[in-house]
There are 2 protein chains.
Amino acid sequence: MNQQPGRTSLIDRVAELVPDDMVQKLIGPRGDFTAASQCPVRDVLDRLGDAWSFLVVLRLSEGPQRFNALKRSVGGVSQRMLTVTLRSLERDGLVERRVFPTTPPQVEYSLSELGHSLVGPMAELTRWASANHDAVRGARARYDALPG
Amino acid sequence: MNQQPGRTSLIDRVAELVPDDMVQKLIGPRGDFTAASQCPVRDVLDRLGDAWSFLVVLRLSEGPQRFNALKRSVGGVSQRMLTVTLRSLERDGLVERRVFPTTPPQVEYSLSELGHSLVGPMAELTRWASANHDAVRGARARYDALPG
DNA sequence: CAGTATCCTCCTCGATACTG
DNA sequence: CAGTATCGAGGAGGATACTG
(Lines give C-alpha, C1' and ligand atoms only; values in the text may rest on other atoms or scores of the structure.)
Protein backbone atom coordinates (compact mmCIF):
# COMPACT_ATOMS: atom_id res chain seq x y z
CA MET A 1 0.00 0.00 0.00
CA ASN A 2 2.12 2.88 -1.22
CA GLN A 3 1.76 5.84 1.04
CA GLN A 4 2.52 9.40 0.13
CA PRO A 5 5.31 10.56 2.44
CA GLY A 6 4.60 13.63 4.52
CA ARG A 7 0.86 13.24 4.10
CA THR A 8 -1.56 12.33 6.85
CA SER A 9 -3.28 9.19 5.63
CA LEU A 10 -6.61 7.87 6.73
CA ILE A 11 -5.63 4.36 5.84
CA ASP A 12 -3.91 4.19 9.20
CA ARG A 13 -7.14 4.84 11.00
CA VAL A 14 -8.90 2.33 8.81
CA ALA A 15 -6.17 -0.18 9.51
CA GLU A 16 -7.05 0.03 13.17
CA LEU A 17 -10.51 -1.18 12.36
CA VAL A 18 -9.73 -3.46 9.49
CA PRO A 19 -7.31 -6.38 9.49
CA ASP A 20 -4.56 -6.24 6.92
CA ASP A 21 -5.56 -9.27 4.91
CA MET A 22 -9.02 -7.77 4.52
CA VAL A 23 -7.56 -4.62 3.06
CA GLN A 24 -5.65 -6.83 0.68
CA LYS A 25 -8.78 -8.71 -0.25
CA LEU A 26 -10.80 -5.52 -0.43
CA ILE A 27 -8.81 -3.10 -2.47
CA GLY A 28 -6.03 -5.56 -3.13
CA PRO A 29 -2.63 -5.07 -4.71
CA ARG A 30 -4.19 -4.86 -8.15
CA GLY A 31 -7.82 -4.32 -7.36
CA ASP A 32 -8.88 -6.95 -9.85
CA PHE A 33 -12.34 -7.56 -8.52
CA THR A 34 -14.33 -7.62 -11.68
CA ALA A 35 -16.15 -10.66 -10.33
CA ALA A 36 -18.17 -9.40 -7.40
CA SER A 37 -18.24 -12.78 -5.67
CA GLN A 38 -14.48 -12.59 -5.29
CA CYS A 39 -14.65 -9.39 -3.29
CA PRO A 40 -16.50 -9.57 0.03
CA VAL A 41 -17.33 -5.90 0.02
CA ARG A 42 -18.76 -5.96 -3.47
CA ASP A 43 -20.66 -9.05 -2.46
CA VAL A 44 -22.23 -7.30 0.52
CA LEU A 45 -22.92 -4.06 -1.28
CA ASP A 46 -24.54 -5.85 -4.16
CA ARG A 47 -27.04 -7.04 -1.61
CA LEU A 48 -27.46 -3.79 0.30
CA GLY A 49 -27.25 -1.56 -2.71
CA ASP A 50 -30.68 -2.54 -3.90
CA ALA A 51 -32.45 -0.41 -1.32
CA TRP A 52 -35.07 -3.00 -0.43
CA SER A 53 -32.72 -5.43 1.29
CA PHE A 54 -31.50 -2.77 3.66
CA LEU A 55 -34.99 -1.64 4.58
CA VAL A 56 -36.28 -5.20 4.90
CA VAL A 57 -33.46 -6.15 7.28
CA LEU A 58 -34.11 -3.08 9.38
CA ARG A 59 -37.82 -3.81 9.47
CA LEU A 60 -37.17 -7.39 10.51
CA SER A 61 -34.78 -6.20 13.21
CA GLU A 62 -37.93 -5.09 15.03
CA GLY A 63 -39.16 -8.65 15.07
CA PRO A 64 -40.58 -11.39 12.83
CA GLN A 65 -43.19 -10.38 10.31
CA ARG A 66 -45.45 -12.03 7.81
CA PHE A 67 -45.25 -11.34 4.11
CA ASN A 68 -47.99 -8.80 3.63
CA ALA A 69 -47.35 -7.05 6.93
CA LEU A 70 -43.76 -6.65 5.81
CA LYS A 71 -44.90 -5.40 2.44
CA ARG A 72 -47.05 -2.73 4.06
CA SER A 73 -44.42 -1.64 6.57
CA VAL A 74 -41.66 -1.34 4.02
CA GLY A 75 -43.92 0.59 1.70
CA GLY A 76 -43.58 1.14 -2.02
CA VAL A 77 -42.17 -2.30 -2.71
CA SER A 78 -43.86 -4.47 -5.31
CA GLN A 79 -44.89 -8.02 -4.48
CA ARG A 80 -42.37 -9.36 -6.89
CA MET A 81 -39.46 -7.37 -5.50
CA LEU A 82 -40.29 -8.27 -1.92
CA THR A 83 -40.34 -11.94 -2.85
CA VAL A 84 -37.08 -11.67 -4.75
CA THR A 85 -35.46 -9.69 -1.93
CA LEU A 86 -36.56 -12.14 0.75
CA ARG A 87 -35.40 -15.16 -1.27
CA SER A 88 -32.06 -13.51 -1.77
CA LEU A 89 -31.67 -12.69 1.92
CA GLU A 90 -32.75 -16.21 2.82
CA ARG A 91 -30.24 -17.68 0.42
CA ASP A 92 -27.49 -15.62 2.01
CA GLY A 93 -28.48 -16.90 5.44
CA LEU A 94 -29.55 -13.49 6.74
CA VAL A 95 -33.26 -14.23 6.92
CA GLU A 96 -35.19 -17.29 8.05
CA ARG A 97 -38.51 -18.35 6.57
CA ARG A 98 -41.04 -20.42 8.49
CA VAL A 99 -44.22 -21.75 6.95
CA PHE A 100 -47.29 -22.54 9.06
CA PRO A 101 -49.54 -24.91 7.08
CA THR A 102 -52.77 -23.21 8.04
CA THR A 103 -55.52 -22.06 5.73
CA PRO A 104 -54.85 -19.51 4.49
CA PRO A 105 -51.11 -20.19 4.70
CA GLN A 106 -48.95 -18.11 6.99
CA VAL A 107 -45.29 -17.42 6.35
CA GLU A 108 -43.17 -15.73 8.95
CA TYR A 109 -39.87 -14.03 8.17
CA SER A 110 -37.23 -13.24 10.77
CA LEU A 111 -33.57 -12.36 10.98
CA SER A 112 -31.05 -15.12 11.56
CA GLU A 113 -28.10 -14.71 13.91
CA LEU A 114 -26.04 -13.65 10.93
CA GLY A 115 -28.72 -11.19 9.95
CA HIS A 116 -28.72 -9.69 13.43
CA SER A 117 -24.98 -9.26 13.35
CA LEU A 118 -25.33 -7.08 10.27
CA VAL A 119 -27.68 -4.62 11.91
CA GLY A 120 -24.92 -2.97 13.95
CA PRO A 121 -22.77 -1.99 10.95
CA MET A 122 -25.92 -0.98 9.10
CA ALA A 123 -26.92 1.28 11.97
CA GLU A 124 -23.48 2.86 11.86
CA LEU A 125 -23.94 3.76 8.23
CA THR A 126 -27.49 4.84 8.91
CA ARG A 127 -26.32 7.20 11.60
CA TRP A 128 -23.82 8.73 9.22
CA ALA A 129 -26.51 9.14 6.60
CA SER A 130 -28.82 10.84 9.03
CA ALA A 131 -26.16 13.12 10.47
CA ASN A 132 -24.73 14.19 7.12
CA HIS A 133 -27.73 14.18 4.86
CA ASP A 134 -28.08 17.93 5.02
CA ALA A 135 -24.40 18.42 4.26
CA VAL A 136 -24.71 16.21 1.19
CA ARG A 137 -27.83 17.98 0.01
CA GLY A 138 -26.12 21.32 0.54
CA ALA A 139 -23.09 20.25 -1.45
CA ARG A 140 -25.36 19.08 -4.22
CA ALA A 141 -27.21 22.36 -4.32
CA ARG A 142 -23.96 24.31 -4.48
CA TYR A 143 -22.60 22.07 -7.23
CA ASP A 144 -25.75 22.39 -9.29
CA ALA A 145 -25.75 26.17 -8.86
CA LEU A 146 -22.27 26.41 -10.37
CA PRO A 147 -21.97 28.23 -13.70
CA GLY A 148 -21.41 25.86 -16.59
CA MET B 1 -42.49 1.68 16.83
CA ASN B 2 -44.79 -1.14 17.88
CA GLN B 3 -42.85 -3.76 19.72
CA GLN B 4 -43.85 -7.36 20.09
CA PRO B 5 -44.30 -7.98 23.81
CA GLY B 6 -42.26 -10.78 25.26
CA ARG B 7 -39.85 -10.75 22.35
CA THR B 8 -36.26 -9.68 22.51
CA SER B 9 -35.99 -6.95 19.91
CA LEU B 10 -32.88 -5.74 18.23
CA ILE B 11 -34.40 -2.35 17.64
CA ASP B 12 -33.40 -1.51 21.19
CA ARG B 13 -29.77 -2.05 20.42
CA VAL B 14 -30.14 -0.06 17.25
CA ALA B 15 -31.85 2.68 19.20
CA GLU B 16 -28.74 2.99 21.32
CA LEU B 17 -26.81 3.84 18.21
CA VAL B 18 -29.45 5.66 16.28
CA PRO B 19 -31.48 8.66 17.42
CA ASP B 20 -35.23 8.19 17.41
CA ASP B 21 -36.06 10.76 14.79
CA MET B 22 -33.67 9.04 12.42
CA VAL B 23 -35.47 5.76 12.86
CA GLN B 24 -38.64 7.64 12.06
CA LYS B 25 -37.09 9.13 8.97
CA LEU B 26 -35.52 5.85 8.03
CA ILE B 27 -38.22 3.26 8.27
CA GLY B 28 -40.85 5.73 9.28
CA PRO B 29 -44.40 5.20 10.48
CA ARG B 30 -45.54 4.32 7.00
CA GLY B 31 -42.28 3.70 5.22
CA ASP B 32 -43.36 5.83 2.27
CA PHE B 33 -39.94 6.45 0.81
CA THR B 34 -40.56 5.86 -2.82
CA ALA B 35 -38.51 8.97 -3.55
CA ALA B 36 -34.97 8.11 -2.54
CA SER B 37 -34.02 11.73 -1.92
CA GLN B 38 -36.54 11.86 0.89
CA CYS B 39 -34.84 9.04 2.78
CA PRO B 40 -31.26 9.68 3.91
CA VAL B 41 -30.38 6.02 3.97
CA ARG B 42 -31.67 5.38 0.50
CA ASP B 43 -29.80 8.45 -0.59
CA VAL B 44 -26.53 7.13 0.82
CA LEU B 45 -27.01 3.59 -0.39
CA ASP B 46 -27.84 4.73 -3.86
CA ARG B 47 -24.36 6.17 -3.89
CA LEU B 48 -22.57 3.25 -2.23
CA GLY B 49 -24.61 0.57 -3.88
CA ASP B 50 -22.94 1.10 -7.21
CA ALA B 51 -19.77 -0.70 -6.16
CA TRP B 52 -17.41 1.80 -7.73
CA SER B 53 -18.15 4.67 -5.33
CA PHE B 54 -17.30 2.53 -2.34
CA LEU B 55 -14.04 1.33 -3.83
CA VAL B 56 -13.08 4.79 -5.05
CA VAL B 57 -13.63 6.32 -1.62
CA LEU B 58 -11.53 3.60 -0.02
CA ARG B 59 -8.79 4.10 -2.55
CA LEU B 60 -8.80 7.84 -1.98
CA SER B 61 -8.67 7.29 1.78
CA GLU B 62 -5.07 6.27 1.17
CA GLY B 63 -4.33 9.71 -0.23
CA PRO B 64 -4.96 11.92 -3.28
CA GLN B 65 -4.66 10.32 -6.67
CA ARG B 66 -4.78 11.36 -10.27
CA PHE B 67 -7.35 10.09 -12.70
CA ASN B 68 -5.48 7.33 -14.45
CA ALA B 69 -3.65 6.19 -11.34
CA LEU B 70 -7.01 5.85 -9.67
CA LYS B 71 -8.36 3.99 -12.66
CA ARG B 72 -5.54 1.49 -12.48
CA SER B 73 -5.71 1.01 -8.72
CA VAL B 74 -9.46 0.48 -8.65
CA GLY B 75 -9.23 -1.97 -11.51
CA GLY B 76 -11.94 -3.12 -13.87
CA VAL B 77 -13.64 0.26 -14.03
CA SER B 78 -14.26 1.82 -17.41
CA GLN B 79 -13.15 5.38 -18.09
CA ARG B 80 -16.72 6.48 -18.39
CA MET B 81 -17.82 4.95 -15.09
CA LEU B 82 -14.88 6.37 -13.20
CA THR B 83 -15.70 9.83 -14.54
CA VAL B 84 -19.36 9.46 -13.67
CA THR B 85 -18.53 8.11 -10.22
CA LEU B 86 -16.08 10.90 -9.44
CA ARG B 87 -18.48 13.60 -10.65
CA SER B 88 -21.17 12.14 -8.47
CA LEU B 89 -18.92 11.98 -5.41
CA GLU B 90 -17.75 15.51 -6.08
CA ARG B 91 -21.32 16.74 -6.39
CA ASP B 92 -22.16 15.16 -3.04
CA GLY B 93 -19.20 16.92 -1.45
CA LEU B 94 -17.32 13.72 -0.65
CA VAL B 95 -14.50 14.22 -3.12
CA GLU B 96 -12.52 17.29 -4.13
CA ARG B 97 -11.12 17.85 -7.60
CA ARG B 98 -8.11 20.04 -8.26
CA VAL B 99 -6.86 20.86 -11.74
CA PHE B 100 -3.23 21.78 -12.40
CA PRO B 101 -3.05 23.61 -15.73
CA THR B 102 0.08 21.87 -16.92
CA THR B 103 0.65 20.16 -20.23
CA PRO B 104 -0.50 17.53 -20.23
CA PRO B 105 -3.15 18.50 -17.68
CA GLN B 106 -3.09 16.97 -14.23
CA VAL B 107 -6.20 16.43 -12.13
CA GLU B 108 -5.93 15.35 -8.54
CA TYR B 109 -8.79 13.78 -6.62
CA SER B 110 -8.93 13.64 -2.84
CA LEU B 111 -11.43 13.04 -0.08
CA SER B 112 -13.08 16.03 1.55
CA GLU B 113 -13.66 16.24 5.29
CA LEU B 114 -17.12 14.84 4.70
CA GLY B 115 -15.64 12.05 2.63
CA HIS B 116 -13.21 11.18 5.38
CA SER B 117 -16.00 11.00 7.92
CA LEU B 118 -17.68 8.32 5.84
CA VAL B 119 -14.68 6.01 5.86
CA GLY B 120 -15.25 4.92 9.46
CA PRO B 121 -18.78 3.59 8.90
CA MET B 122 -17.64 2.08 5.62
CA ALA B 123 -14.84 0.27 7.38
CA GLU B 124 -17.35 -1.09 9.87
CA LEU B 125 -19.37 -2.61 7.07
CA THR B 126 -16.21 -3.77 5.38
CA ARG B 127 -15.13 -5.57 8.50
CA TRP B 128 -18.48 -7.32 8.68
CA ALA B 129 -18.21 -8.31 5.04
CA SER B 130 -14.76 -9.73 5.56
CA ALA B 131 -15.62 -11.58 8.76
CA ASN B 132 -18.84 -13.10 7.46
CA HIS B 133 -18.15 -13.63 3.81
CA ASP B 134 -17.51 -17.33 4.32
CA ALA B 135 -20.72 -17.72 6.31
CA VAL B 136 -22.69 -16.08 3.52
CA ARG B 137 -21.06 -18.23 0.87
CA GLY B 138 -21.72 -21.30 2.96
CA ALA B 139 -25.37 -20.41 3.37
CA ARG B 140 -25.61 -19.87 -0.36
CA ALA B 141 -24.08 -23.23 -1.12
CA ARG B 142 -26.49 -24.98 1.28
CA TYR B 143 -29.48 -23.15 -0.16
CA ASP B 144 -28.51 -24.01 -3.72
CA ALA B 145 -27.95 -27.64 -2.78
CA LEU B 146 -31.51 -27.96 -1.49
CA PRO B 147 -33.84 -30.27 -3.41
CA GLY B 148 -36.39 -28.37 -5.47
C1' DC C 1 -3.60 13.08 -19.51
C1' DA C 2 -8.18 13.54 -18.60
C1' DG C 3 -11.80 13.59 -20.20
C1' DT C 4 -16.60 13.93 -23.63
C1' DA C 5 -19.87 11.85 -26.97
C1' DT C 6 -22.39 8.19 -28.99
C1' DC C 7 -24.17 3.84 -29.49
C1' DC C 8 -25.93 -0.41 -27.97
C1' DT C 9 -26.84 -4.14 -24.90
C1' DC C 10 -28.14 -6.48 -20.91
C1' DC C 11 -30.74 -6.63 -16.72
C1' DT C 12 -33.40 -4.74 -13.36
C1' DC C 13 -37.80 -3.85 -11.92
C1' DG C 14 -42.85 -2.63 -12.08
C1' DA C 15 -47.40 -4.05 -13.82
C1' DT C 16 -50.49 -7.50 -14.53
C1' DA C 17 -52.58 -11.89 -14.31
C1' DC C 18 -53.00 -16.33 -12.39
C1' DT C 19 -52.67 -20.27 -8.35
C1' DG C 20 -52.49 -23.58 -4.09
C1' DC D 1 -52.42 -15.19 2.17
C1' DA D 2 -48.38 -15.82 -0.18
C1' DG D 3 -46.74 -16.45 -3.70
C1' DT D 4 -45.36 -17.69 -9.36
C1' DA D 5 -45.25 -16.46 -14.43
C1' DT D 6 -44.79 -13.45 -18.10
C1' DC D 7 -44.07 -9.25 -20.52
C1' DG D 8 -42.26 -4.84 -21.51
C1' DA D 9 -40.14 -0.19 -20.56
C1' DG D 10 -36.07 2.12 -18.84
C1' DG D 11 -31.75 2.78 -17.18
C1' DA D 12 -27.10 1.32 -15.96
C1' DG D 13 -23.01 0.66 -17.88
C1' DG D 14 -19.35 -1.25 -21.36
C1' DA D 15 -17.01 -0.42 -25.96
C1' DT D 16 -15.37 2.69 -28.98
C1' DA D 17 -13.95 6.92 -31.03
C1' DC D 18 -12.75 11.60 -30.67
C1' DT D 19 -10.62 16.20 -28.20
C1' DG D 20 -8.34 20.30 -25.47
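Keep in mind it's a predicted model, so treat the numbers as computed, not measured. Per chain, numbering begins at 1; letters A, B, ... match sequence-line order.
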Rounded to whole Å, CG of B:Leu82 lies from P of D:dA15 at a distance of 14 Å

What pair of heavy atoms forms the shortest contact from A:Lys71 to A:Ser78, and how long is it? CE-C, 4.2 Å

Taking 4.0 Å as the cut-off, does a side-chain nitrogen or oxygen of B:Arg97 come that near to OP1 or OP2 on C:dA2? no

Round to a whole Å and report the spacing from CZ of A:Phe100 to C1' of C:dG20. 19 Å

Which nucleotide in D:dA2, C:dT6, C:dC1 has an atom nearest any side-chain atom of B:Arg80: C:dT6

Is any side-chain N of the basic residue among B:Asp92 and A:Arg137 closer than 4.0 Å to the acidic one's carboxylate O? no

What nucleotide, of C:dG3, D:dG13, D:dC1, holds the atom closest to the side chain of A:Asn68? D:dC1

Under 4.0 Å from OP1 or OP2 of C:dT4: is there any side-chain N or O of B:Arg87 that close? yes

With distance as the sole test, does A:Ser130 use its side chain to make a donor-acceptor pair with the main-chain N or O of A:Arg127 at under 3.5 Å? no

OP1 or OP2 of C:dC1 under 4.0 Å from side-chain N/O of B:Tyr109: no

Measure from the side-chain N and O atoms of B:Thr85 to the backbone N and O of B:Met81, and report whether any donor-acceptor pair falls under 3.5 Å. yes

Whole angstrom value for the distance that separates P of C:dT16 from CE of A:Met81: 17 Å

How many whole angstroms separate atom CZ of A:Arg98 from atom P of D:dA2? 14 Å

How many whole angstroms separate atom CH2 of A:Trp52 from atom P of C:dC13? 10 Å

Nearest whole Å is fine: how far is C:dC1 C1' from B:Leu70 CG? 14 Å

Kindly point out which of D:dG3, C:dA2, C:dG14 is positioned nearest to the side chain of A:Phe67? D:dG3

Side-chain contact check for A:Thr83: nearest option of D:dT4, C:dG14, D:dC1 is D:dT4

For atom CD of A:Gln79 and atom P of D:dA5, their distance in whole Å: 13 Å

Nearest listed nucleotide, side chain of B:Ser78, among C:dG14, C:dG3, D:dG14: D:dG14

Taking any strand in view, what nucleotide pairs with D:dA9 in a Watson-Crick or G-U wobble way, both distances under 3.5 Å? C:dT12

D:dG20 pairs with, by Watson-Crick or G-U criteria that keep both distances under 3.5 Å: C:dC1

When the distance from CD of B:Glu90 to P of C:dA2 is rounded to whole Å, what number comes out? 15 Å

NZ/NE/NH1/NH2 to OD/OE distance under 4.0 Å, B:Arg66 and B:Glu108: no

